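Note sheet for the following structure.
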Amino acid sequence: LSLLSLLALLAAAAAHLPSALTRISVQSTRLGSSASAEISVSPSVVVNGDWVTVTWTGIDHPSDQDWVGLYLEDDNVTETAPVKFQMASKDPSHKSTGSGSLRFRLVSMRANYVAAFFRNGLSSPVLVATSNIVQMQQLNMPLQGRLSLTNVTSEMRITWTTKNASAPQVQWGFAAGQYVHSAKGTSFAYTREMMCGPPATTVGYRNPGTFHTAVMTNLQPSQTVYYRYGDATDGFSNENVFTHTPAPGAAVNVIAYGDLGQYTLDDSMEQAQMPPSRNTTDAVTTLLTNHTLLLHIGDISYARGYVSQWDEFHDQISPISQRLPYMTGIGNHERDYPNSGGAKGLQGADSGGECGVAYEARFVMPTPALDKPWYSFNYGVIHWIMMSTEHEFGVGSEQRQFFVDDLAAVDRKLTPWVVFMGHRPFYIDSTDDKASDSDQVVATEMRESFEDLLHEHNVDVLLDAHHHSWQRTCKVYRSHCQDDGMVVVDVGMAGQSSSTNILPNKPEIFVFVDDTHHGFSRIAANATTFHLQYIRGDDRQVHDELVLTK
């Protein structure tokens, strides 16, 4: 194995760190006892987003292998992973006194919480103490709202989560607090049996709640809409506001990224921590008044089979997804699982057994059908096309035919710009080139299927992700820079750990490559100008930009 190949493997592994919850051997957990060990949580009554302090005493011979887990009240610790956990030694006093405390932030998962103290490490945990019950108030509170577009330009969809509800609805109007319209919602859920394998069907599963979706109708272009969602019995969400879809041909301001992941404010170890994702969402939150659409191009939450991680993720993006239509594309960490109907060459277990079920329940996109997660839509001066790189896309596939038909119907007088999107890279500066699901192998397959088609229809820009970096090409066609090519931009730098497996010598088609920083892209377009910027999350400054004109 060459040094270059070894470095590529190490970089690829680092860029896809597993959830820290996988470190806990749940099935090896034993119920122990301790005459002196005690654990408590304060306060004992909370609402969504509150902080609590977990305190323990009486731990004999304290060790750096001791840890604290947060569970839901009815969880069986021998069957279910914790919602989150921290090592007890994070409090420096623990190892010297057998006592200590840690702070956790509790997101409502529609149930009460309890804390548990374990000894003997993560591989053979022994439960020695459980705390008082922490009552989560308003268990049926409507939360996690996410806007999305439908196939009708005068509509806007809102989807949300509760424990249950008998009459879900959305109410809206055109002034704060004045809801003159309403629409009934439909409800649905997913179960353990609907998914494909562990941990989604085993230690990662909890009741994900009930999802509701409703559509606001007869909206006018660029109209300001105030709305709330919920149920007359259990209450409604706080008021939110969005700016509706611009008219065909109108200028747009859009945000795009991929591979966001999550970072919890209590720094608990339930996830391979992704601090840059919080930088990204915090920065985007400051731009909500000037932007009206967000595109998340695959690898959404990195929940990978753990329901609790989806709840934490929705909590992080809700300030954005309740203000902008949050349009998503499916990635390998949402869909891939062996023998589950995905693309033949993509048989990894990257979704943690979810095989797209959790993703499609949570993000309702204007797709042809379930497990056909490709679609297109007009938004101002741009026609947007979202493919699934995780399903068959070769010549003769249903998905490719969808795009053949779609591109043939584009009216460039209404939408002079066309942007094609998909999670895996189309062109990429990467050493990952051996396996059937490697960057370069899949990129070659995509170009064989799509490049001539996209060139024939003069597609302007292709946005992809998956490689956790920012990369921008020249106008490229068949691996060469040429004036009638399209610009390919990798926007996979939103939060997950960086992919540093770039080639020793940058290929000539690449204008800019950044494999060490994170951030997002910002697009401003009108009928004659397409302006794309790379904003880093650490300093919120522009570090690369592209201007196309017609």
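Because the structure is predicted, anything quoted here is derived from the model rather than measured. Start at 1 with the first residue, then count along the sequence.
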D266 bridged to R103 by N-O distance under 4.0 Å: no
P142 side chain reached by D231 side chain, heavy atoms, under 4.5 Å: no
Regarding D514 and T516, do their side chains bring together a donor and an acceptor under 3.5 Å, going by distance alone? yes
For K163 and D234: C-alpha separation, side-chain torsions, deciding distance, then whether salt bridge (Lys or Arg N to Asp or Glu O under 4.0 Å) applies. CA-CA 10 Å; K163 183 175 183 178; D234 295 299; over 6 Å; no
If only side-chain N and O atoms count, and only distance matters, is there a donor-acceptor pair under 3.5 Å linking D311 with Q144? yes
Pair T264-R278, side-chain donor/acceptor within less than 3.5 Å: no
So do Y190 and P208 actually touch side chain to side chain, heavy atoms under 4.5 Å? yes
Indicate yes or no: at least one non-hydrogen side-chain atom of I158 is less than 4.5 angstrom from one of Y227. yes
Tell me yes or no: between the side chains of S388 and E390, is some donor less than 3.5 Å from an acceptor? no
Can you tell me which residue pairs pass the salt bridge (Lys or Arg N to Asp or Glu O under 4.0 Å) test with a partner in residues 199-222, sequence neighbours excluded? D75-R206
Applying salt bridge (charged side-chain N to carboxylate O under 4.0 Å, His left out), name anything that partners K184, two or more places apart in sequence or on another chain. none
Side-chain heavy atoms of S108 within contact of L143, under 4.5 Å: yes
Anything under 30° is parallel, anything over 60° is perpendicular, the rest tilted; go ahead and classify H333 against Y302. tilted
Going by the angle between their ring planes, with limits at 30° and 60°, are Y257 and Y326 parallel, tilted or perpendicular? perpendicular
By salt bridge (charged side-chain N to carboxylate O under 4.0 Å, His left out), which residues pair with R522, not counting sequence neighbours? none
Sole candidate of D464, D299, T389 that passes side chain to side chain donor-acceptor pair (under 3.5 Å) when paired with H423: D299
Between H531 and T529, does any side-chain donor sit less than 3.5 Å from a side-chain acceptor? no
Who passes side-chain hydrogen bond (donor to acceptor under 3.5 Å, both in side chains) against S521, sequence neighbours left out? none
Taking side chain as C-beta onward, heavy atoms only, is V419 less than 4.5 Å from L462? no
Is there a side-chain contact between T243 and L324 (heavy atoms, below 4.5 Å)? no
Can you list the steps and then say if R146 with T213 is a side-chain hydrogen bond (donor to acceptor under 3.5 Å, both in side chains)? CA-CA 9 Å; R146 47 265 190 201; T213 191; over 6 Å; no
Side chains of D515 and H467: is there a donor and an acceptor less than 3.5 Å apart? no
Salt bridge (Lys or Arg N to Asp or Glu O under 4.0 Å) pairs, two or more places apart, involving residues 194-204: none
Taking the side chain as C-beta and beyond, is there a heavy-atom pair between M493 and H468 under 4.5 Å? no
Please check if the side chain of S469 supplies one atom and the backbone of Q471 the other of a donor-acceptor pair under 3.5 Å. no
For E354, enumerate each residue passing the salt bridge (charged side-chain N to carboxylate O under 4.0 Å, His left out) test, keeping only those at least two apart in sequence or located in another chain. none
Do H466 and N332 pair up side chain to side chain, a donor and an acceptor below 3.5 Å, judged on atom types alone? yes
For N526, which residues count as a side-chain hydrogen bond (donor to acceptor under 3.5 Å, both in side chains) partner, sequence neighbours excluded? T528
Honestly, is R323 close enough over F242, meaning NZ or CZ under 6.0 Å from the six-membered ring centre and within 45° of the axis? no
For W470, check side-chain hydrogen bond (donor to acceptor under 3.5 Å, both in side chains) against everything at least two apart and list the hits. D544
Using the test side-chain hydrogen bond (donor to acceptor under 3.5 Å, both in side chains), find all partners of E239 that sit at least two apart in sequence or belong to another chain. Y179
Do H391 and D371 have side-chain N/O donor and acceptor atoms under 3.5 Å apart? yes
ring-ring contact (aromatic ring centres under 6.0 Å, His included) evaluation trace for H296 with F520: CA-CA 10 Å; H296 189 160; F520 57 96; over 10 Å; no
Polar side chain donor-acceptor pair, T415 to Y379, under 3.5 angstrom: no
Do K90 and D267 meet the salt-bridge criterion of a basic N to acidic O distance under 4.0 Å? yes
Side-chain H-bond candidate by donor/acceptor type, S187 with H212, under 3.5 Å: yes
Just say parallel, tilted or perpendicular for the rings of F363 and W310, cut-offs at 30° and 60°. tilted
Is the shortest distance from a Lys or Arg side-chain nitrogen in D490 or R472 to a carboxylate oxygen in the other one below 4.0 Å? no
For the residue pair F512 and Y534, does the interplanar ring angle fall in the parallel (under 30°), tilted (30 to 60°) or perpendicular (over 60°) class? perpendicular
Taking only residues two or more places apart in sequence, or in another chain, which ones meet R362 in a salt bridge (charged side-chain N to carboxylate O under 4.0 Å, His left out)? none
Checking D315 against R105 for the salt bridge (Lys or Arg N to Asp or Glu O under 4.0 Å) test, could you report, in this order, the C-alpha distance in whole Å, the side-chain angles of both residues, the deciding distance, and whether it holds? CA-CA 11 Å; D315 180 73; R105 180 175 179 270; 2.7 Å; yes
Donor-acceptor side-chain pairing of S351 and D336 below 3.5 angstrom: no
Do side-chain atoms of Y263 reach the backbone of G495 as a donor and acceptor pair under 3.5 angstrom? no
Enumerate the salt bridge (Lys or Arg N to Asp or Glu O under 4.0 Å) contacts for residues 528-540, please, sequence neighbours excluded, ordered by first and then second residue. R536-D538, R536-D539
In a table with atom names and distances, give each donor-acceptor pair under 3.5 Å that connects a side chain of residues 216-223 to protein atoms at least two apart or in another chain.
{"residue": "Q223", "atom": "OE1", "partner": "Q220", "partner atom": "N", "Å": "2.9"}

When you check the side-chain N and O atoms of S182 and Q171, is any donor under 3.5 Å from an acceptor? no
Tell me, do Y205 and T80 make a side-chain contact under 4.5 Å, heavy atoms counted? no
Would a distance-only check, ignoring hydrogens and angles, find a side-chain to backbone donor-acceptor pair under 3.5 Å from S318 to H314? yes
